[in-house]
Amino acid sequence: MNVELPSVSSLRGEDVRVGATIKALREARGLTQEQLARRAQLSRPYLANVEVGRKRLSVRAAARVAAALAVPQIALIAPEAGGEAA
């Protein structure tokens, strides 16, 4: 069985896309990074790194960010599934 793994560049692109989605949702709600980070119980530097794709959003952090933005978690990963930022 030959399984093709995603390339590093495609994974990085996914991180950038997810971060951009979070940023767009945050800005649409008029929140600063500091405000969203506080609501999601995350550090502002971690959130900033996620938004630019330098850090990958953990499952726990995704749940917290989604709750803070009042969107389903899938909206962060697949914006066409429920978020307005795409």
Side-chain angles (χ1 to χ4, degrees):
M1 185 161 127
N2 206 3
V3 176
E4 188 173 322
L5 298 173
S7 69
V8 171
S9 62
S10 69
L11 290 176
R12 175 102 172 116
E14 182 72 8
D15 293 341
V16 170
R17 189 186 58 72
V18 169
T21 299
I22 291 168
K23 181 178 180 179
L25 289 167
R26 173 180 62 76
E27 289 177 341
R29 285 157 178 72
L31 297 172
T32 65
Q33 285 181 341
E34 186 66 38
Q35 290 168 325
L36 178 56
R38 196 174 355 206
R39 289 181 184 190
Q41 299 176 328
L42 302 170
S43 73
R44 193 213 49 82
Y46 174 75
L47 179 62
N49 280 311
V50 166
E51 283 190 355
V52 297
R54 281 191 295 256
K55 293 273 187 185
R56 176 162 291 161
L57 192 65
S58 71
V59 173
R60 180 174 287 158
R64 290 177 177 177
V65 170
L69 291 170
V71 297
Q73 288 182 47
I74 191 69
L76 304 179
I77 309 304
E80 63 278 357
E84 67 268 8

Show me the donor-acceptor pairs, under 3.5 Å and distance only, between side chains in residues 57-77 and residues at least two apart or in other chains.
residue: Ser58; atom: OG; partner: Ala61; partner atom: N; Å: 3.0
residue: Arg64; atom: NH1; partner: Gln41; partner atom: O; Å: 3.3

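- Atom CG of Leu36 sits about 9.5 Å away from atom CG of Leu25, to the nearest 0.5 Å.
- When the side chain to side chain contact (heavy atoms under 4.5 Å, CB included) test is applied to Glu34, the partners found at least two apart in sequence or on another chain are Thr32, Arg38, Arg44.
- Across Glu51, Lys23, Glu27, a single residue satisfies side-chain hydrogen bond (donor to acceptor under 3.5 Å, both in side chains) together with Gln33, and that is Glu51.
- In this structure, Arg56 and Tyr46 approach most closely via the heavy-atom pair O-OH, 3.2 Å.
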